[in-house]
There are 2 protein chains.
Amino acid sequence: MDSMDWALLRELQDDARLSYSELSRRVHLSPPAVAERVRRLETAGVITGYHAHVDLTKAGRHVVALIRMSCYGPRCVLRDPEVLNWPEVLEVHRVTGDACSILKVVTASMEDFESTIDRLAPYGQPSSTMVLSTPLRWRPLSPLSPTVDQGSRSSE
Amino acid sequence: MDSMDWALLRELQDDARLSYSELSRRVHLSPPAVAERVRRLETAGVITGYHAHVDLTKAGRHVVALIRMSCYGPRCVLRDPEVLNWPEVLEVHRVTGDACSILKVVTASMEDFESTIDRLAPYGQPSSTMVLSTPLRWRPLSPLSPTVDQGSRSSE
DNA sequence: GCTGAAACGAGGTAAGC
DNA sequence: GCTTACCTCGTTTCAGC
C-alpha cells in the first residue's frame, strides 16, 4: 500500500469505470503495471467491489431512516439471515450502547416503513430516527499519512 | 424506469466496471440500446456515480463510529463546509429527534478518534456509538414493484 | 430498438532493463 | 518491479433499416 496504490484507489473510488489505460495516464504508470496493482488490490480484499450508486429519491425511496434495535430474547436481527436479506434494509451495524444494532432502512412510503417497523418489532424494540436530508452521502477513503500525489510530474 | 432500466441498475450496482457489451449480453439488449439507456440514467441523476468500495480495516481504519451531534448556538456541522470536508467524516445525515445530525466517522486509532471528538465538540454535544462489526455493509437498490427479470428468454 | 461495419481503444503478453 | 512494443481482441459508435 504505497502512494501509487492510493493514487489508484483515489481514482477508482471517484470513477470505478475508468479503464486501465485511462488510469495509467492519470497516475503516470504503464498500463500493465496498473492492471497488476489493481488486481492485487482486488485479491487482497482492499477493494471490496465496484458499485453504481443510485439516487434514493429518484428510485422512489422517499423514506430513509436509521433504526436502533434493542433486541431481547433468543432472536436478534444480527443472527437472523432473513432480516439481512430484506430489500429495504441497506445496512446493518452491530454497535455499542443500549442498542445492539443500527439498521439503515429505505422505503417508498411511510406506510411501507410502518410495515417494516411491524416486522422488526418481534426481534426487539425498534427506535427510529428519520433522515431529513444527507449533506454528505459518501466520501472516498484517503491515505492515512498525507501522501503527496506523484501524478503531477512534468514528464507528460 | 422500466424493468430494463432496473436490470441495468442491478448489474451496475453489482459490478460497475461491466462494459456495455457485457451488459448487453446480461440484459439481452443490443449494445447501442444499453449505452443509450445507461447514459440516460446518468444524466437523469438516477445513477449518481460509480465507486470502488475499500475495506476500512485493510485501509488502516480500525475505528468506526456513528456520532449524534446535538448542535447549539450559531455553529452547526450541517452549515459548516469545513466539517463536511474532514477526511475522517464519511457520511453526514440531518435527522429528526434530539440530535440534529448523525456522522459516520472512521479513524486509524482511538487516539485519532478522540481528536475528532475534540474538534467536533465546539459545534455541539457529540454522542458516539462505536461500530463493532458490520453484518451488512451495503445492499443494491431493487425495483419497488417486484419486476420479473426479462433476461432469461430462450432467444440467446 | 436492431443490425452491420468500421474505427478506435483497450488489454494481454513478452522481452529487456 | 516497471517499461516499451506489439498484437489481438473487444468495444464503441455510426450508419441505415
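Proteins come first, then strands; the chains are lettered A, B, ... in the order of their sequence lines, and each starts at number 1. As a basis for the values below, the full set of heavy atoms in this structure was taken, side chains included, without hydrogen atoms, waters or symmetry mates.
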Could [X] and [Y] be called an ion pair, given the rule that one side-chain N must be under 4.0 Å from one carboxylate O?
X     : Y     : answer
B:R37 : B:D2  : yes
B:R39 : B:E42 : no
B:R26 : B:E22 : yes

When we call it a touch if two heavy atoms are under 4.0 Å apart, what does B:R40 touch: a base, just sugar-phosphate, or nothing?
->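 The residue B:R40 makes no contact with any strand.
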With a non-hydrogen cut-off below 4.0 angstrom, is B:S30 in contact with a base, only sugar-phosphate, or nothing?
->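 Base contact.
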Which comes earlier along DNA chain C counting from the 5' end, the contact point of A:P31 or that of B:P31, where each point is its nearest nucleotide?
->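 Whichever sits nearer the 5' end wins; that is B:P31.
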Side chains of B:Y123 and B:R75: do they bring a donor and an acceptor to under 3.5 Å?
->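 Side-chain D/A pair, B:Y123 to B:R75: present.
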Atom [atom1] of [X] to atom [atom2] of [N]: distance rounded to whole Å?
X     : N      : atom1 : atom2 : answer
A:E36 : C:dT13 : CD    : P     : 12 Å
A:Y20 : D:dG10 : OH    : C1'   : 15 Å
B:R26 : D:dT11 : CZ    : P     : 11 Å
B:L23 : D:dT12 : CG    : C1'   : 13 Å
B:E22 : D:dG10 : CD    : P     : 12 Å

Can you see if the side chain of [X] gets near the phosphate of [N] - specifically, an N or O under 4.0 Å from OP1 or OP2?
X     : N      : answer
A:R25 : C:dA10 : yes
A:R37 : D:dG1  : no
A:R39 : C:dG11 : no

So, do B:L56 and A:L141 sit near enough that their side-chain heavy atoms are less than 4.5 Å apart?
->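 SC-SC contact between B:L56 and A:L141 confirmed.
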Which sits closer to the 5' end of DNA chain D, A:P32 or A:R17, going by the nucleotide each is nearest to?
->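 Nearest-nucleotide comparison on DNA chain D picks A:P32.
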Ring centroid separation B:H51 to A:H51 under 6.0 Å =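 So the answer is no for these two rings.
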How about A:D98: does its CG atom have over 12 heavy atoms from other parts shown lying under 6.0 Å from it?
->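 No, not enclosed.
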State which of D:dT11, D:dC2, C:dA10 makes the closest approach to the side chain of A:S19.
->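 Looking only at side-chain atoms, A:S19 lies closest to C:dA10.
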In degrees, rounded to 10°, what is the bend between the two ends of the helix from C:dG1-D:dC17 to C:dC17-D:dG1, using five pairs at each?
->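 End-to-end axis angle for the helix from C:dG1-D:dC17 to C:dC17-D:dG1: 30°, rounded to 10°.
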